[in-house]
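To keep things clear, I will list the structure first and then write my remarks on it.
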Protein chains: 2
Amino acid sequence: MSSSRISTNKKAAVACNNCSLSDLCLPRGLTKEELVRLESAIDKTSKIPKKDYLYRRDDPHQAIYAVKSGAIKTSLSTLDGEEQILGFYLPGDLVGFDAFANSKHSCDAQALEDTFVCELSMSSFHELCGSIASMRNGMMRQVGMEIGREHQLLLTLGQMRTEERLATFLTGIAERNQSRGFSAREFYLPMPRHDLANYLGMAVETLSRMFSRLQEDGIISVNHRLIEILAPERLKSLGHHQCR
Amino acid sequence: MSSSRISTNKKAAVACNNCSLSDLCLPRGLTKEELVRLESAIDKTSKIPKKDYLYRRDDPHQAIYAVKSGAIKTSLSTLDGEEQILGFYLPGDLVGFDAFANSKHSCDAQALEDTFVCELSMSSFHELCGSIASMRNGMMRQVGMEIGREHQLLLTLGQMRTEERLATFLTGIAERNQSRGFSAREFYLPMPRHDLANYLGMAVETLSRMFSRLQEDGIISVNHRLIEILAPERLKSLGHHQCR
DNA sequence: AGGAATGCTTGATGTAGATCAAGCTTTACT
DNA sequence: AGTAAAGCTTGATCTACATCAAGCATTCCT
(Lines give C-alpha, C1' and ligand atoms only; values in the text may rest on other atoms or scores of the structure.)
Protein backbone atom coordinates (compact mmCIF):
# COMPACT_ATOMS: atom_id res chain seq x y z
CA MET A 1 0.00 0.00 0.00
CA SER A 2 2.72 2.46 0.89
CA SER A 3 5.17 4.12 -1.45
CA SER A 4 7.37 1.29 -2.72
CA ARG A 5 10.01 2.57 -5.10
CA ILE A 6 12.44 0.18 -6.68
CA SER A 7 15.47 0.40 -8.93
CA THR A 8 17.01 3.36 -7.20
CA ASN A 9 20.30 4.38 -8.76
CA LYS A 10 22.76 6.34 -6.73
CA LYS A 11 23.65 9.32 -8.91
CA ALA A 12 21.57 10.30 -11.87
CA ALA A 13 22.41 8.47 -15.06
CA VAL A 14 22.38 11.74 -17.00
CA ALA A 15 23.67 14.97 -15.49
CA CYS A 16 21.25 17.94 -15.47
CA ASN A 17 23.79 19.50 -17.77
CA ASN A 18 23.16 16.91 -20.45
CA CYS A 19 19.55 16.24 -19.68
CA SER A 20 17.32 16.97 -22.61
CA LEU A 21 14.86 18.64 -20.25
CA SER A 22 17.31 21.08 -18.78
CA ASP A 23 15.75 24.24 -20.10
CA LEU A 24 12.24 23.22 -19.09
CA CYS A 25 13.16 22.16 -15.62
CA LEU A 26 15.15 23.99 -12.96
CA PRO A 27 18.59 24.69 -14.45
CA ARG A 28 17.40 27.58 -16.62
CA GLY A 29 19.32 30.70 -15.62
CA LEU A 30 21.95 29.05 -13.46
CA THR A 31 25.65 29.67 -13.97
CA LYS A 32 27.99 26.79 -14.67
CA GLU A 33 29.14 26.64 -11.05
CA GLU A 34 25.60 26.79 -9.72
CA LEU A 35 24.59 24.02 -12.05
CA VAL A 36 27.37 21.84 -10.68
CA ARG A 37 26.05 22.45 -7.17
CA LEU A 38 22.51 21.55 -8.25
CA GLU A 39 23.70 18.38 -9.90
CA SER A 40 25.61 17.22 -6.86
CA ALA A 41 22.52 17.94 -4.75
CA ILE A 42 20.35 15.66 -6.86
CA ASP A 43 21.23 12.58 -4.95
CA LYS A 44 19.29 9.99 -6.86
CA THR A 45 17.01 9.04 -9.67
CA SER A 46 14.17 6.66 -8.85
CA LYS A 47 11.98 4.46 -10.92
CA ILE A 48 8.34 4.53 -9.91
CA PRO A 49 6.60 1.51 -11.43
CA LYS A 50 3.18 2.06 -12.97
CA LYS A 51 0.45 2.51 -10.34
CA ASP A 52 2.92 2.97 -7.49
CA TYR A 53 2.77 6.12 -5.44
CA LEU A 54 5.55 8.67 -5.50
CA TYR A 55 4.06 9.93 -2.26
CA ARG A 56 0.75 9.90 -0.44
CA ARG A 57 -1.21 12.42 1.56
CA ASP A 58 0.35 13.07 4.99
CA ASP A 59 3.73 11.68 3.94
CA PRO A 60 6.53 13.96 5.17
CA HIS A 61 7.91 16.37 2.60
CA GLN A 62 11.17 14.69 1.67
CA ALA A 63 11.92 16.04 -1.77
CA ILE A 64 10.91 17.96 -4.87
CA TYR A 65 10.74 15.63 -7.86
CA ALA A 66 11.46 16.30 -11.51
CA VAL A 67 9.77 13.94 -13.96
CA LYS A 68 12.39 12.60 -16.38
CA SER A 69 10.20 10.15 -18.26
CA GLY A 70 6.73 8.68 -17.81
CA ALA A 71 3.84 10.54 -16.17
CA ILE A 72 2.51 11.29 -12.68
CA LYS A 73 -1.00 12.21 -11.61
CA THR A 74 -1.81 14.03 -8.39
CA SER A 75 -5.19 13.67 -6.72
CA LEU A 76 -7.29 14.30 -3.64
CA SER A 77 -9.28 11.40 -2.18
CA THR A 78 -12.42 11.89 -0.17
CA LEU A 79 -13.75 9.90 2.76
CA ASP A 80 -16.49 8.37 0.66
CA GLY A 81 -13.97 6.89 -1.74
CA GLU A 82 -14.14 9.39 -4.58
CA GLU A 83 -11.22 11.28 -6.01
CA GLN A 84 -10.48 14.50 -7.83
CA ILE A 85 -7.46 14.51 -10.07
CA LEU A 86 -5.54 17.77 -9.71
CA GLY A 87 -2.87 17.52 -12.36
CA PHE A 88 -0.89 15.43 -14.80
CA TYR A 89 2.89 15.84 -14.73
CA LEU A 90 4.92 15.08 -17.81
CA PRO A 91 8.69 15.00 -18.42
CA GLY A 92 10.26 18.29 -17.37
CA ASP A 93 7.57 19.06 -14.78
CA LEU A 94 8.28 19.47 -11.08
CA VAL A 95 6.10 17.71 -8.48
CA GLY A 96 5.81 18.13 -4.73
CA PHE A 97 4.91 21.75 -4.03
CA ASP A 98 1.70 20.65 -2.32
CA ALA A 99 3.64 19.98 0.89
CA PHE A 100 4.86 23.55 1.34
CA ALA A 101 2.01 24.46 3.69
CA ASN A 102 2.99 22.22 6.59
CA SER A 103 5.80 19.92 5.45
CA LYS A 104 3.38 17.09 4.77
CA HIS A 105 1.97 16.22 1.38
CA SER A 106 -1.62 17.31 0.95
CA CYS A 107 -2.43 15.02 -1.99
CA ASP A 108 -1.42 11.71 -3.56
CA ALA A 109 1.02 11.37 -6.47
CA GLN A 110 0.79 8.19 -8.50
CA ALA A 111 2.65 6.94 -11.57
CA LEU A 112 0.45 6.49 -14.66
CA GLU A 113 3.19 4.43 -16.30
CA ASP A 114 6.72 3.41 -15.32
CA THR A 115 8.27 6.74 -14.47
CA PHE A 116 11.72 8.06 -13.67
CA VAL A 117 12.12 11.06 -11.39
CA CYS A 118 15.11 13.06 -10.15
CA GLU A 119 14.95 13.83 -6.46
CA LEU A 120 16.07 17.06 -4.87
CA SER A 121 15.88 16.44 -1.13
CA MET A 122 14.31 19.18 0.95
CA SER A 123 17.52 19.72 2.88
CA SER A 124 19.37 20.31 -0.39
CA PHE A 125 16.49 22.41 -1.59
CA HIS A 126 16.68 24.67 1.44
CA GLU A 127 20.40 24.94 1.21
CA LEU A 128 20.36 25.86 -2.47
CA CYS A 129 17.50 28.32 -2.05
CA GLY A 130 19.39 29.94 0.79
CA SER A 131 22.60 30.44 -1.11
CA ILE A 132 21.71 30.80 -4.81
CA ALA A 133 19.40 33.63 -5.81
CA SER A 134 18.72 32.29 -9.30
CA MET A 135 17.81 28.93 -7.78
CA ARG A 136 15.29 30.69 -5.57
CA ASN A 137 13.92 32.57 -8.54
CA GLY A 138 13.72 29.47 -10.66
CA MET A 139 11.81 27.72 -7.93
CA MET A 140 9.42 30.64 -7.59
CA ARG A 141 8.88 30.61 -11.32
CA GLN A 142 7.96 26.93 -11.15
CA VAL A 143 5.57 27.49 -8.26
CA GLY A 144 3.99 30.34 -10.20
CA MET A 145 3.49 28.08 -13.20
CA GLU A 146 1.86 25.51 -10.96
CA ILE A 147 -0.56 28.14 -9.66
CA GLY A 148 -1.22 29.27 -13.23
CA ARG A 149 -2.10 25.73 -14.33
CA GLU A 150 -4.51 25.42 -11.44
CA HIS A 151 -6.16 28.72 -12.33
CA GLN A 152 -6.63 27.48 -15.86
CA LEU A 153 -8.25 24.29 -14.58
CA LEU A 154 -10.59 26.26 -12.34
CA LEU A 155 -11.66 28.26 -15.37
CA THR A 156 -12.20 25.03 -17.27
CA LEU A 157 -14.31 23.40 -14.57
CA GLY A 158 -16.22 26.55 -13.71
CA GLN A 159 -17.08 27.97 -17.12
CA MET A 160 -16.73 25.53 -19.98
CA ARG A 161 -19.11 23.00 -21.50
CA THR A 162 -17.79 19.47 -21.88
CA GLU A 163 -16.71 19.71 -25.52
CA GLU A 164 -14.81 22.89 -24.82
CA ARG A 165 -13.08 21.31 -21.83
CA LEU A 166 -11.73 18.49 -23.96
CA ALA A 167 -10.74 20.81 -26.81
CA THR A 168 -8.86 23.07 -24.40
CA PHE A 169 -7.14 20.10 -22.81
CA LEU A 170 -6.01 18.69 -26.14
CA THR A 171 -4.62 21.99 -27.43
CA GLY A 172 -2.80 22.35 -24.11
CA ILE A 173 -1.20 18.93 -24.46
CA ALA A 174 -0.25 19.67 -28.05
CA GLU A 175 1.47 22.92 -27.04
CA ARG A 176 3.23 21.18 -24.19
CA ASN A 177 4.53 18.53 -26.54
CA GLN A 178 5.62 21.19 -29.00
CA SER A 179 7.66 22.98 -26.37
CA ARG A 180 9.31 19.69 -25.42
CA GLY A 181 10.31 18.97 -28.99
CA PHE A 182 7.70 16.30 -29.58
CA SER A 183 4.97 16.28 -32.17
CA ALA A 184 2.07 18.64 -31.55
CA ARG A 185 0.08 16.77 -34.17
CA GLU A 186 0.21 13.21 -32.95
CA PHE A 187 0.72 11.81 -29.46
CA TYR A 188 -0.26 9.18 -26.94
CA LEU A 189 -2.26 10.21 -23.91
CA PRO A 190 -0.62 8.71 -20.82
CA MET A 191 -3.85 8.47 -18.81
CA PRO A 192 -6.92 6.24 -19.11
CA ARG A 193 -10.30 7.74 -20.02
CA HIS A 194 -11.44 7.33 -16.47
CA ASP A 195 -8.73 9.66 -15.16
CA LEU A 196 -9.12 12.21 -17.90
CA ALA A 197 -12.87 12.37 -17.38
CA ASN A 198 -12.38 12.88 -13.66
CA TYR A 199 -9.79 15.60 -14.25
CA LEU A 200 -12.13 17.40 -16.64
CA GLY A 201 -15.11 17.03 -14.32
CA MET A 202 -17.35 14.83 -16.48
CA ALA A 203 -18.50 11.21 -16.80
CA VAL A 204 -16.39 8.74 -18.79
CA GLU A 205 -19.27 8.22 -21.17
CA THR A 206 -19.51 11.93 -21.83
CA LEU A 207 -15.78 12.13 -22.48
CA SER A 208 -16.00 9.23 -24.90
CA ARG A 209 -18.86 10.92 -26.74
CA MET A 210 -16.87 14.14 -27.02
CA PHE A 211 -13.91 12.27 -28.49
CA SER A 212 -16.29 10.70 -30.98
CA ARG A 213 -17.87 14.03 -31.83
CA LEU A 214 -14.53 15.73 -32.47
CA GLN A 215 -13.61 12.79 -34.66
CA GLU A 216 -16.88 12.88 -36.61
CA ASP A 217 -16.28 16.57 -37.20
CA GLY A 218 -12.90 15.73 -38.71
CA ILE A 219 -11.03 17.75 -36.10
CA ILE A 220 -9.11 14.88 -34.53
CA SER A 221 -8.50 11.22 -35.17
CA VAL A 222 -8.83 8.94 -32.15
CA ASN A 223 -7.39 5.49 -31.78
CA HIS A 224 -7.69 4.61 -28.14
CA ARG A 225 -4.97 6.69 -26.52
CA LEU A 226 -3.32 7.70 -29.76
CA ILE A 227 -4.57 11.11 -30.79
CA GLU A 228 -3.94 12.85 -34.07
CA ILE A 229 -4.93 16.47 -34.41
CA LEU A 230 -6.19 17.02 -37.94
CA ALA A 231 -7.39 20.62 -37.63
CA PRO A 232 -5.47 22.40 -34.85
CA GLU A 233 -7.05 25.77 -35.57
CA ARG A 234 -10.59 24.46 -35.44
CA LEU A 235 -9.75 22.63 -32.22
CA LYS A 236 -8.36 25.79 -30.69
CA SER A 237 -11.35 27.83 -31.79
CA LEU A 238 -13.62 25.50 -29.82
CA GLY A 239 -11.97 26.90 -26.71
CA HIS A 240 -14.11 30.00 -26.45
CA HIS A 241 -13.06 30.84 -22.95
CA GLN A 242 -9.51 31.81 -23.73
CA CYS A 243 -8.09 34.37 -21.36
CA ARG A 244 -8.01 37.92 -22.59
CA MET B 1 -9.92 51.66 -15.70
CA SER B 2 -6.41 51.12 -14.41
CA SER B 3 -5.31 50.52 -10.85
CA SER B 4 -6.05 53.79 -9.04
CA ARG B 5 -5.13 53.55 -5.39
CA ILE B 6 -5.71 56.51 -3.14
CA SER B 7 -5.06 57.43 0.49
CA THR B 8 -1.58 56.01 0.63
CA ASN B 9 0.04 56.50 4.01
CA LYS B 10 3.77 56.42 4.26
CA LYS B 11 4.45 53.88 7.03
CA ALA B 12 1.84 51.43 8.22
CA ALA B 13 -0.48 52.75 10.89
CA VAL B 14 0.03 49.57 12.91
CA ALA B 15 3.37 47.80 13.08
CA CYS B 16 3.43 44.09 12.17
CA ASN B 17 4.40 43.62 15.75
CA ASN B 18 1.12 44.99 17.02
CA CYS B 19 -1.00 43.95 14.12
CA SER B 20 -3.84 41.71 15.16
CA LEU B 21 -3.12 39.54 12.16
CA SER B 22 0.51 38.89 13.01
CA ASP B 23 0.28 35.19 13.63
CA LEU B 24 -1.78 34.50 10.54
CA CYS B 25 0.36 36.47 8.19
CA LEU B 26 4.10 36.44 7.69
CA PRO B 27 5.77 37.25 11.02
CA ARG B 28 5.15 33.81 12.52
CA GLY B 29 8.48 32.33 13.46
CA LEU B 30 10.58 35.43 12.99
CA THR B 31 12.93 36.65 15.70
CA LYS B 32 12.57 40.13 17.12
CA GLU B 33 15.36 41.47 14.93
CA GLU B 34 13.96 39.83 11.80
CA LEU B 35 10.55 41.26 12.56
CA VAL B 36 12.05 44.73 12.74
CA ARG B 37 13.58 44.20 9.31
CA LEU B 38 10.25 43.02 7.90
CA GLU B 39 8.47 46.00 9.37
CA SER B 40 10.89 48.47 7.90
CA ALA B 41 10.54 46.74 4.52
CA ILE B 42 6.79 47.23 4.49
CA ASP B 43 6.95 50.63 2.96
CA LYS B 44 3.30 51.53 2.85
CA THR B 45 -0.29 50.71 3.57
CA SER B 46 -2.78 51.48 0.81
CA LYS B 47 -6.49 51.91 0.76
CA ILE B 48 -8.18 50.22 -2.19
CA PRO B 49 -11.68 51.67 -2.55
CA LYS B 50 -14.50 49.24 -3.26
CA LYS B 51 -14.47 48.00 -6.88
CA ASP B 52 -10.99 49.34 -7.57
CA TYR B 53 -8.33 46.93 -8.71
CA LEU B 54 -5.32 46.11 -6.56
CA TYR B 55 -3.74 44.88 -9.79
CA ARG B 56 -4.80 43.63 -13.18
CA ARG B 57 -3.63 40.86 -15.47
CA ASP B 58 -0.28 41.69 -17.12
CA ASP B 59 0.58 44.34 -14.55
CA PRO B 60 4.22 44.00 -13.46
CA HIS B 61 4.76 42.19 -10.20
CA GLN B 62 5.46 45.06 -7.83
CA ALA B 63 4.58 43.65 -4.44
CA ILE B 64 3.05 40.97 -2.26
CA TYR B 65 0.03 42.34 -0.42
CA ALA B 66 -1.34 41.46 2.99
CA VAL B 67 -5.02 42.19 3.50
CA LYS B 68 -5.45 44.18 6.73
CA SER B 69 -9.16 44.86 6.48
CA GLY B 70 -11.83 44.48 3.81
CA ALA B 71 -11.81 41.78 1.15
CA ILE B 72 -10.22 41.10 -2.26
CA LYS B 73 -11.38 38.78 -5.01
CA THR B 74 -9.09 37.41 -7.71
CA SER B 75 -10.45 36.35 -11.09
CA LEU B 76 -9.66 35.33 -14.63
CA SER B 77 -11.48 37.08 -17.49
CA THR B 78 -12.05 35.47 -20.85
CA LEU B 79 -12.16 37.03 -24.28
CA ASP B 80 -15.90 36.61 -24.52
CA GLY B 81 -16.43 38.68 -21.40
CA GLU B 82 -16.99 35.96 -18.82
CA GLU B 83 -15.05 35.55 -15.63
CA GLN B 84 -14.07 32.84 -13.19
CA ILE B 85 -13.45 33.93 -9.64
CA LEU B 86 -10.41 32.16 -8.22
CA GLY B 87 -10.39 33.21 -4.61
CA PHE B 88 -11.59 35.54 -1.88
CA TYR B 89 -8.94 37.05 0.37
CA LEU B 90 -9.84 38.15 3.88
CA PRO B 91 -7.83 39.95 6.57
CA GLY B 92 -4.57 38.12 7.24
CA ASP B 93 -4.40 36.60 3.75
CA LEU B 94 -1.56 37.27 1.32
CA VAL B 95 -2.28 38.16 -2.31
CA GLY B 96 -0.04 38.33 -5.36
CA PHE B 97 1.59 34.93 -5.80
CA ASP B 98 0.00 34.59 -9.24
CA ALA B 99 2.80 36.69 -10.73
CA PHE B 100 5.61 34.34 -9.73
CA ALA B 101 5.61 32.56 -13.09
CA ASN B 102 6.85 35.47 -15.19
CA SER B 103 6.85 38.61 -13.04
CA LYS B 104 3.50 39.72 -14.46
CA HIS B 105 0.17 39.16 -12.77
CA SER B 106 -1.84 36.40 -14.36
CA CYS B 107 -5.22 37.41 -12.93
CA ASP B 108 -7.14 40.44 -11.69
CA ALA B 109 -7.46 41.41 -8.02
CA GLN B 110 -10.37 43.65 -7.11
CA ALA B 111 -11.62 45.06 -3.81
CA LEU B 112 -15.08 43.84 -2.77
CA GLU B 113 -15.30 46.65 -0.23
CA ASP B 114 -12.98 49.41 0.93
CA THR B 115 -9.84 47.49 1.75
CA PHE B 116 -6.51 48.21 3.41
CA VAL B 117 -3.43 46.27 2.37
CA CYS B 118 0.20 46.26 3.51
CA GLU B 119 2.66 46.19 0.66
CA LEU B 120 5.90 44.27 0.64
CA SER B 121 7.69 45.38 -2.52
CA MET B 122 9.27 42.64 -4.60
CA SER B 123 12.73 44.10 -4.11
CA SER B 124 12.28 43.93 -0.35
CA PHE B 125 10.74 40.51 -0.74
CA HIS B 126 13.77 39.22 -2.62
CA GLU B 127 16.17 40.77 -0.18
CA LEU B 128 14.40 39.32 2.85
CA CYS B 129 14.03 35.88 1.27
CA GLY B 130 17.72 35.93 0.43
CA SER B 131 18.89 36.73 3.93
CA ILE B 132 16.34 35.35 6.38
CA ALA B 133 15.65 31.63 6.29
CA SER B 134 12.50 31.81 8.40
CA MET B 135 11.16 34.50 6.08
CA ARG B 136 11.70 32.14 3.15
CA ASN B 137 9.99 29.34 5.01
CA GLY B 138 7.08 31.52 6.03
CA MET B 139 6.62 32.54 2.41
CA MET B 140 6.73 28.94 1.26
CA ARG B 141 4.15 28.05 3.88
CA GLN B 142 1.88 30.78 2.54
CA VAL B 143 2.33 29.62 -1.04
CA GLY B 144 1.56 26.07 0.07
CA MET B 145 -1.64 27.21 1.73
CA GLU B 146 -2.62 29.01 -1.48
CA ILE B 147 -2.10 25.80 -3.46
CA GLY B 148 -4.07 23.87 -0.85
CA ARG B 149 -7.02 26.26 -1.12
CA GLU B 150 -7.01 25.85 -4.88
CA HIS B 151 -6.96 22.07 -4.59
CA GLN B 152 -9.96 22.26 -2.30
CA LEU B 153 -11.80 24.42 -4.83
CA LEU B 154 -11.01 21.98 -7.63
CA LEU B 155 -12.50 19.21 -5.53
CA THR B 156 -15.55 21.35 -4.91
CA LEU B 157 -16.11 22.17 -8.57
CA GLY B 158 -15.27 18.71 -9.83
CA GLN B 159 -17.13 16.46 -7.40
CA MET B 160 -19.79 18.23 -5.39
CA ARG B 161 -23.46 18.93 -6.04
CA THR B 162 -24.59 22.52 -5.57
CA GLU B 163 -25.92 22.20 -2.03
CA GLU B 164 -22.72 20.55 -0.90
CA ARG B 165 -20.64 23.28 -2.49
CA LEU B 166 -22.42 25.97 -0.52
CA ALA B 167 -22.31 23.97 2.71
CA THR B 168 -18.58 23.40 2.33
CA PHE B 169 -17.99 27.05 1.55
CA LEU B 170 -19.93 28.22 4.60
CA THR B 171 -18.18 25.86 7.01
CA GLY B 172 -14.88 27.02 5.54
CA ILE B 173 -15.73 30.67 6.14
CA ALA B 174 -16.87 29.86 9.67
CA GLU B 175 -13.58 28.12 10.46
CA ARG B 176 -11.63 30.97 8.94
CA ASN B 177 -13.50 33.46 11.12
CA GLN B 178 -12.94 31.29 14.16
CA SER B 179 -9.19 31.22 13.61
CA ARG B 180 -9.20 35.00 13.25
CA GLY B 181 -11.02 35.48 16.54
CA PHE B 182 -14.35 36.38 14.98
CA SER B 183 -17.63 34.60 15.40
CA ALA B 184 -17.97 31.28 13.62
CA ARG B 185 -21.72 31.42 14.18
CA GLU B 186 -22.66 34.75 12.66
CA PHE B 187 -20.96 36.79 9.97
CA TYR B 188 -21.41 38.99 6.94
CA LEU B 189 -20.40 37.68 3.55
CA PRO B 190 -18.28 40.31 1.82
CA MET B 191 -19.28 39.29 -1.70
CA PRO B 192 -22.52 39.62 -3.69
CA ARG B 193 -24.48 36.51 -4.68
CA HIS B 194 -23.31 36.93 -8.25
CA ASP B 195 -19.65 36.52 -7.25
CA LEU B 196 -20.26 33.66 -4.86
CA ALA B 197 -22.28 31.79 -7.46
CA ASN B 198 -19.53 32.25 -10.01
CA TYR B 199 -16.86 31.11 -7.55
CA LEU B 200 -18.88 28.00 -6.73
CA GLY B 201 -19.61 27.26 -10.37
CA MET B 202 -23.39 27.65 -10.39
CA ALA B 203 -26.10 30.10 -11.46
CA VAL B 204 -27.14 32.90 -9.07
CA GLU B 205 -30.65 31.49 -8.99
CA THR B 206 -29.37 28.10 -7.94
CA LEU B 207 -27.26 29.65 -5.21
CA SER B 208 -30.26 31.60 -3.95
CA ARG B 209 -32.33 28.43 -3.89
CA MET B 210 -29.65 26.60 -1.93
CA PHE B 211 -29.55 29.39 0.65
CA SER B 212 -33.31 29.13 0.94
CA ARG B 213 -33.16 25.37 1.25
CA LEU B 214 -30.58 25.44 4.04
CA GLN B 215 -32.72 28.01 5.79
CA GLU B 216 -35.92 25.98 5.43
CA ASP B 217 -34.08 23.00 6.89
CA GLY B 218 -33.21 25.10 9.92
CA ILE B 219 -29.48 24.78 9.32
CA ILE B 220 -28.74 28.44 8.73
CA SER B 221 -30.53 31.75 8.93
CA VAL B 222 -30.08 34.06 5.96
CA ASN B 223 -30.65 37.79 5.91
CA HIS B 224 -29.12 39.04 2.70
CA ARG B 225 -25.39 38.88 3.40
CA LEU B 226 -25.76 38.27 7.12
CA ILE B 227 -25.49 34.56 7.78
CA GLU B 228 -26.16 32.80 11.04
CA ILE B 229 -25.21 29.15 11.36
CA LEU B 230 -27.82 27.46 13.50
CA ALA B 231 -26.63 23.85 13.18
CA PRO B 232 -22.89 23.77 12.43
CA GLU B 233 -22.67 19.99 12.67
CA ARG B 234 -25.50 19.39 10.25
CA LEU B 235 -23.97 21.93 7.88
CA LYS B 236 -20.62 20.19 8.05
CA SER B 237 -22.19 16.79 7.51
CA LEU B 238 -23.62 18.01 4.21
CA GLY B 239 -20.03 18.16 2.98
CA HIS B 240 -19.75 14.50 2.07
CA HIS B 241 -16.60 14.94 0.08
CA GLN B 242 -14.29 15.73 2.96
CA CYS B 243 -10.75 14.66 2.39
CA ARG B 244 -9.70 11.43 4.02
C1' DA C 1 -36.45 62.73 -1.16
C1' DG C 2 -37.29 60.44 -5.49
C1' DG C 3 -36.08 57.64 -9.22
C1' DA C 4 -32.99 54.35 -11.45
C1' DA C 5 -30.12 50.76 -11.16
C1' DT C 6 -28.47 46.80 -8.83
C1' DG C 7 -29.13 42.79 -6.04
C1' DC C 8 -31.89 38.99 -4.46
C1' DT C 9 -35.59 35.59 -4.51
C1' DT C 10 -39.09 32.47 -6.38
C1' DG C 11 -41.60 30.06 -10.07
C1' DA C 12 -41.97 27.70 -14.76
C1' DT C 13 -39.62 25.44 -18.39
C1' DG C 14 -35.76 23.47 -21.04
C1' DT C 15 -31.48 20.82 -21.66
C1' DA C 16 -26.64 19.27 -21.04
C1' DG C 17 -24.82 15.81 -19.25
C1' DA C 18 -25.33 11.95 -15.63
C1' DT C 19 -26.78 7.41 -15.07
C1' DC C 20 -28.14 2.89 -16.53
C1' DA C 21 -27.34 -0.80 -19.70
C1' DA C 22 -25.03 -3.59 -23.00
C1' DG C 23 -21.49 -5.09 -26.19
C1' DC C 24 -16.91 -4.95 -27.84
C1' DT C 25 -11.77 -4.60 -27.50
C1' DT C 26 -7.54 -4.72 -25.27
C1' DT C 27 -4.65 -5.97 -21.51
C1' DA C 28 -3.38 -8.87 -17.58
C1' DC C 29 -2.92 -13.12 -15.30
C1' DT C 30 -2.32 -18.40 -14.71
C1' DA D 1 -2.99 -20.05 -25.15
C1' DG D 2 -7.03 -19.20 -22.74
C1' DT D 3 -9.76 -16.87 -19.57
C1' DA D 4 -10.77 -13.02 -16.60
C1' DA D 5 -10.65 -8.32 -15.83
C1' DA D 6 -10.14 -3.54 -17.40
C1' DG D 7 -10.95 -0.15 -20.58
C1' DC D 8 -13.67 2.00 -24.13
C1' DT D 9 -17.75 3.11 -26.92
C1' DT D 10 -22.64 3.72 -28.08
C1' DG D 11 -27.60 3.93 -27.08
C1' DA D 12 -31.76 4.95 -24.02
C1' DT D 13 -33.48 7.28 -20.15
C1' DC D 14 -33.53 10.44 -16.33
C1' DT D 15 -32.41 14.56 -13.51
C1' DA D 16 -29.90 18.37 -11.51
C1' DC D 17 -29.25 22.54 -12.76
C1' DA D 18 -29.40 26.36 -16.26
C1' DT D 19 -32.22 29.52 -18.38
C1' DC D 20 -36.15 32.46 -18.84
C1' DA D 21 -39.34 35.45 -16.56
C1' DA D 22 -41.20 38.41 -13.12
C1' DG D 23 -41.53 40.90 -8.81
C1' DC D 24 -39.64 42.91 -4.59
C1' DA D 25 -35.95 45.02 -1.72
C1' DT D 26 -31.94 47.65 -1.27
C1' DT D 27 -28.47 50.79 -2.62
C1' DC D 28 -26.84 54.49 -5.34
C1' DC D 29 -27.05 58.80 -7.42
C1' DT D 30 -28.78 63.64 -8.34
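To find a chain, count down the sequence lines: A is the first, B the second, and so on, and within it residues start at 1. Bear in mind the structure is a predicted one, so any value in this text is a computation, not a measurement.
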Protein-proximity profile, nucleotides 8-13 of chain D, B/S/- by nucleotide at the 4.0 Å heavy-atom cutoff, equals SBBBB-

May I ask you to establish whether R149(B) and F88(B) are in a cation-pi arrangement, using a distance under 6.0 Å from NZ or CZ to the six-membered ring centre and at most 45° from the ring axis?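 Judged by the rule (NZ or CZ under 6.0 Å from the ring centre, within 45° of its axis), R149(B) is not positioned above F88(B).
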
Could you state the atom-to-atom distance from [atom1] of [X] to [atom2] of [N] in whole Å?
X: E164(B); N: dA16(D); atom1: CD; atom2: P; answer: 14 Å
X: E113(B); N: dT27(D); atom1: CD; atom2: P; answer: 14 Å
X: Q159(B); N: dA18(C); atom1: CD; atom2: P; answer: 11 Å
X: R165(B); N: dC17(D); atom1: CZ; atom2: P; answer: 7 Å
X: R161(A); N: dA18(C); atom1: CZ; atom2: C1'; answer: 14 Å
X: M202(B); N: dA16(C); atom1: CE; atom2: C1'; answer: 17 Å
X: L189(A); N: dT26(C); atom1: CG; atom2: P; answer: 17 Å
X: D195(B); N: dT6(C); atom1: CG; atom2: P; answer: 15 Å

**OP:** For residues F182(B) and F187(B), establish whether the separation of their ring centroids is below 6.0 Å.
**Re:**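 Ring centroids of F182(B) and F187(B) are no less than 6.0 Å from each other.
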
Between OG of S77(A) and CD of Q84(A), what distance do you get to the nearest 0.5 Å?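 CD of Q84(A) is found 10.5 Å from OG of S77(A).
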
| Aromatic rings Y55(A) and H105(A): how do their planes relate, parallel, tilted or perpendicular, breaks at 30° and 60°? |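 Ring orientation of Y55(A) relative to H105(A): parallel.
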
Indicate whether any N or O donor in one side chain lies under 3.5 Å from an N or O acceptor in the other, for [X] and [Y].
X: E150(A); Y: H151(B); result: yes
X: Q242(A); Y: T78(B); result: no
X: Y188(A); Y: N223(A); result: no

Q. Below 4.5 Å, heavy atoms only, C-beta onward: do N177(B) and R185(B) meet side chain to side chain?
A.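 Of all side-chain heavy-atom pairs linking R185(B) with N177(B), none is under 4.5 Å.
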
Under a 4.0 Å threshold between the charged nitrogen and the carboxylate oxygen, would D114(A) count as salt-bridged to K50(A)?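 The answer is no: the pair does not qualify as a salt bridge.
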
### Query
Can Q110(A) and L54(A) be said to form a side-chain contact (heavy atoms from CB on, under 4.5 Å), step by step?
CA-CA 6 Å; Q110(A) 189 179 20; L54(A) 176 57; over 6 Å; no

Give the C-alpha distance, both sets of side-chain angles, the deciding distance and a yes or no for side-chain contact (heavy atoms from CB on, under 4.5 Å) between C243(A) and L155(A).
CA-CA 9 Å; C243(A) 280; L155(A) 179 66; 4.0 Å; yes

Angle between terminal axes - the helix from dA1(C)-dT30(D) to dT30(C)-dA1(D), 5 pairs each end, rounded to 10°: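 Roughly 60°, once rounded to the nearest ten degrees.
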
### Message
Near DNA chain D, counting only heavy atoms under 4.0 Å, which residues of residues 77-88 of chain A show up?
### Response
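Correct list: empty, so none.
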
